[in-house]
There are 2 protein chains.
Amino acid sequence: MPAEASTSRPATPPLTERQEARRRRILHASAQLASRGGFDAVQMREVAESSQVALGTLYRYFPSKVHLLVATMQDQLEHMHGTLRKKPPAGDTAAERVAETLMRAFRALQREPHLADAMVRALTFADRSVSPEVDQVSRQTTVIILDAMGLEDPTAEQLSAVRVIEHTWHSALITWLSGRASIAQVKIDIETVCRLIDLTEPSGRP
Amino acid sequence: MPAEASTSRPATPPLTERQEARRRRILHASAQLASRGGFDAVQMREVAESSQVALGTLYRYFPSKVHLLVATMQDQLEHMHGTLRKKPPAGDTAAERVAETLMRAFRALQREPHLADAMVRALTFADRSVSPEVDQVSRQTTVIILDAMGLEDPTAEQLSAVRVIEHTWHSALITWLSGRASIAQVKIDIETVCRLIDLTEPSGRP
DNA sequence: CGCTAATCTAGAACAAGTTTCAGACTTGAT
DNA sequence: ATCAAGTCTGAAACTTGTTCTAGATTAGCG
């Protein structure tokens with residue numbers, strides 16, 4: 001077995017400084033264009049121009065628009081996770097803390113609804129070729145929720161509950177973004193699904 | 001207030017026979033193309049050709065590819081609702097019956113995974129301009145679930161649970177379609193979320 | 001029937017994602 | 001410093017969703 005340590009990324013050759021800078025410029029341009037205009041406003045030619053990179057190069061870094069936007073989402077999620085860590089939620093029960101955390105994330109998205117639109121649409125539109133990246137986003141979300149629950153090693157049941165919470169979170173977000181649900185409705189949905197946590201918590205099991 | 005009776009559709013002028021036939025041909029072609037190849041295989045030019053209709057006409061009937069696929073989904077949902085009605089689920093509790101119904105629907109989708117892909121991707125990718133149609137699909141799904149629960153007039157809480165179940169259903173479907181979750185995993189997620197029903201059932205509330 | 005408005009057709013044209021290619025530039029190793 | 005391999009650029013080409021246009025067909029009506 002070859003020496004492939006720490007990170008899970010398989011065989012991503014390390015980028016030079018200029019390449020790292022290019023990547024950063026691209027992601028920045030992507031987020032900026034997404035912020036006003038949402039998914040449609042992120043046009044590959046514009047991203048390329050904004051980030052001072054040739055179209056072909058953009059496609060070398062991100063093999064499709066969806067890849068680009070999912071990567072943008074990964075980027076934003078890291079930000080958010082950092083922010084959330086600084087002020088952990090204050091609820092008494094795990095369910096309350098998770099609901100609070102998600103609502104906080106939700107309010108952050110509300111501040112940039114177009115960006116949210118672009119990222120979420122990309123996420124749900126992603127086909128199999130983007131699975132690894134989407135999975136990474138999903139894992140990151142799981143970590144955030146488990147953090148809020150304050151669990152060391154969750155049971156299988158609790159992990160199932162977390163999965164369902166993530167499903168609800170994504171889908172509720174979509175209904176809100178497409179104007180089919182109000183903010184209040186999203187709040188109710190999140191609180192409703194978080195009750196699942198109580199169901200798995202109170203008693204140890206054989 | 002003008003006399004606009006029975007149906008909720010606002011001012012859809014009735015179609016002539018030939019128009020109805022065209023519409024049917026289009027939906028059929030759409031489903032057929034979707035069945036092999038999924039979302040990408042439904043190309044508007046091909047749909048037009050397959051259904052013996054000019055491209056412009058196709059766009060008059062369905063103003064975008066997403067509209068077309070969402071309409072295709074409505075069509076399929078009606079089929080399915082009919083089929084499900086004939087053999088109602090047999091579980092003892094509402095939760096069991098809903099889980100059974102959804103798994104049955106899920107197995108039906110498994111038989112045409114490409115069609116499922118096309119319809120679900122369209123549904124989640126739909127923007128505001130398709131909201132009415134997407135909403136219609138959502139209502140139809142709600143009816144199916146309430147049917148399975150066997151409820152006359154659900155409480156607000158129960159409706160919330162149903163909403164969350166729908167969220168989970170959609171999102172779980174997506175993870176399965178994009179190869180990020182196994183069928184077993186989808187089953188677990190559905191069963192997990194259906195437990196929410198128990199939470200709202202046992203006791204009447206003040 | 002004969003008229004008018006609406007609808008349909010064929011096909012061109014446009015928009016944005018994606019691919020391709022020839023040539024210039026960087027990088028890393030010798 | 002020099003060479004080979006890999007990377008980046010600019011521009012054109014290709015694909016597929018969408019729009020537009022001019023002329024044919026159809027539907028409803030007097």
Side-chain angles (χ1 to χ4, degrees), chain A residues 11-27 29-30 33-34 36-72 117-119 121-122 125-130 133, chain B residues 11-26 29-30 33-34 36-72 117-119 121-123 125-130 133:
Chain A
T12 300
L15 301 181
T16 73
E17 212 167 304
R18 306 182 58 188
Q19 287 175 322
E20 193 54 56
R22 265 188 211 105
R23 200 187 125 88
R24 220 97 284 306
R25 285 206 307 278
I26 293 172
L27 286 175
S30 166
L33 286 171
R36 43 167 176 29
F39 189 90
D40 292 333
V42 180
Q43 304 195 354
M44 298 305 268
R45 288 175 237 262
E46 282 206 44
V47 172
E49 192 175 355
S50 279
S51 49
Q52 315 250 78
V53 139
L55 192 55
T57 307
L58 172 52
Y59 274 94
R60 171 185 281 272
Y61 280 72
F62 302 97
S64 79
K65 175 169 171 171
V66 169
H67 280 85
L68 170 58
L69 284 170
V70 171
T72 304
D117 171 78
M119 296 188 307
R121 297 264 289 288
F125 193 59
D127 67 2
R128 296 178 116 84
S129 72
V130 205
E133 288 81 358
Chain B
T12 300
L15 301 181
T16 73
E17 211 166 307
R18 305 183 57 189
Q19 286 175 321
E20 194 53 57
R22 266 189 210 105
R23 200 186 124 87
R24 220 102 278 309
R25 286 206 306 278
I26 292 173
S30 166
L33 286 171
R36 47 170 176 29
F39 189 90
D40 292 334
V42 180
Q43 303 195 354
M44 298 305 268
R45 287 175 236 264
E46 282 207 44
V47 173
E49 191 175 356
S50 279
S51 49
Q52 314 249 76
V53 139
L55 192 54
T57 305
L58 173 52
Y59 273 95
R60 170 186 281 273
Y61 280 72
F62 302 97
S64 78
K65 174 169 172 174
V66 168
H67 280 87
L68 170 58
L69 285 170
V70 171
T72 304
D117 171 77
M119 298 188 307
R121 297 263 291 286
L123 213 58
F125 193 59
D127 67 3
R128 296 178 116 83
S129 72
V130 205
E133 288 81 357

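For the numbers below, each heavy atom of this structure counts, side chains included, while hydrogens, waters and symmetry mates do not. Labels below follow one simple rule: chain letters A, B, ... track the order of the sequence lines, proteins then strands, and each chain is numbered from 1.
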Task: Sidechain-backbone polar pair: H67(A) side chain, S129(A) backbone, donor-acceptor under 3.5 Å - done: yes
- [ ] Send over the distance from R23(B) CZ to dT7(C) C1', rounded to a whole Å.
- [x] 17 Å
Open item on the list: Between L27(A) and F62(A), is the side-chain contact (heavy atoms from CB on, under 4.5 Å) condition met? List the steps.
Closed with: CA-CA 10 Å; L27(A) 286 175; F62(A) 302 97; 3.8 Å; yes
TODO: Output yes when at least one side-chain N/O atom of Q19(B) is less than 4.0 Å from OP1 or OP2 of dA6(C), else no.
DONE: no
- [ ] Ignoring hydrogens and angles, tell me if any N or O in the side chain of T72(B) forms a donor-acceptor pair with the backbone of L68(B) under 3.5 Å.
- [x] yes
TODO: May I ask you to say what V42(B) touches in the nucleic acid, namely base, sugar-phosphate or nothing, with a heavy-atom cut-off under 4.0 Å?
DONE: sugar-phosphate
Task: Between dT16(D) (P) and K65(B) (NZ): distance, integer Å - done: 9 Å
Task: Interatomic distance, L69(B) CG vs dT16(D) P [rounded to whole Å] - done: 16 Å
- [ ] Have a look at E20(A) and tell me which of R24(A), E17(A), R18(A) forms a side-chain contact (heavy atoms from CB on, under 4.5 Å) with it.
- [x] R24(A)
Task: Rounded distance (Å) that lies between atom P of dG17(C) and atom CD of Q43(B) - done: 17 Å
Open item on the list: What contact category does Q52(A) fall into here, base, sugar-phosphate, or nothing, at under 4.0 angstrom with non-hydrogen atoms?
Closed with: sugar-phosphate
Open item on the list: For dT15(D), does the base pair up with any side-chain atom of R45(B) as donor and acceptor (N or O, under 3.5 Å, distance only)?
Closed with: no
- [ ] Find the distance between CG (D40(B)) and CG (L33(B)) and round it off to the nearest 0.5 Å.
- [x] 12.0 Å
TODO: Check the pair L69(B), R121(B) against side-chain contact (heavy atoms from CB on, under 4.5 Å), reporting the backbone distance first and the verdict last.
DONE: CA-CA 9 Å; L69(B) 285 170; R121(B) 297 263 291 286; over 6 Å; no
- [ ] To the nearest Å, give me how far apart CD1 (I26(B)) and C1' (dT9(C)) are.
- [x] 13 Å
- [ ] Counting heavy atoms from C-beta on, name the nucleotide in dT18(C), dA16(C), dT7(D) closest to the side chain of R60(A).
- [x] dT7(D)
TODO: Using a 4.0 Å heavy-atom cut-off across all strands, classify F62(A) as base, sugar-phosphate, or nothing.
DONE: nothing
Dump every N/O contact between nucleotides 20-27 of chain D and the protein below 3.5 Å, one line per pair.
unit_1, atom_1, unit_2, atom_2, d
dT26(D), O3', R18(B), NH1, 3.4

Task: 5' priority, DNA chain D, between P63(B) and A54(A) [closest heavy atom] - done: A54(A)
Open item on the list: Using whole Å, what does the distance between atom C1' of nucleotide dC14(C) and atom CE of M44(B) come to?
Closed with: 16 Å
- [ ] Provide, to the nearest angstrom, the distance between the CD atom belonging to E49(B) and the P atom belonging to dG17(D).
- [x] 14 Å
Task: Proximal nucleotide (of dT9(D), dT19(D), dC8(D)) relative to the Y59(B) side chain - done: dT19(D)
- [ ] Look at the side-chain N and O atoms of Y61(A) and state whether any lies under 4.0 Å from the OP1 or OP2 oxygen of dT7(D).
- [x] no
- [ ] Round to a whole Å and report the spacing from CG of L58(A) to C1' of dT7(D).
- [x] 15 Å
TODO: State, to 0.1 Å, how close V47(A) and A29(A) come at their nearest heavy-atom pair, and which atoms those are.
DONE: O-CB, 4.1 Å
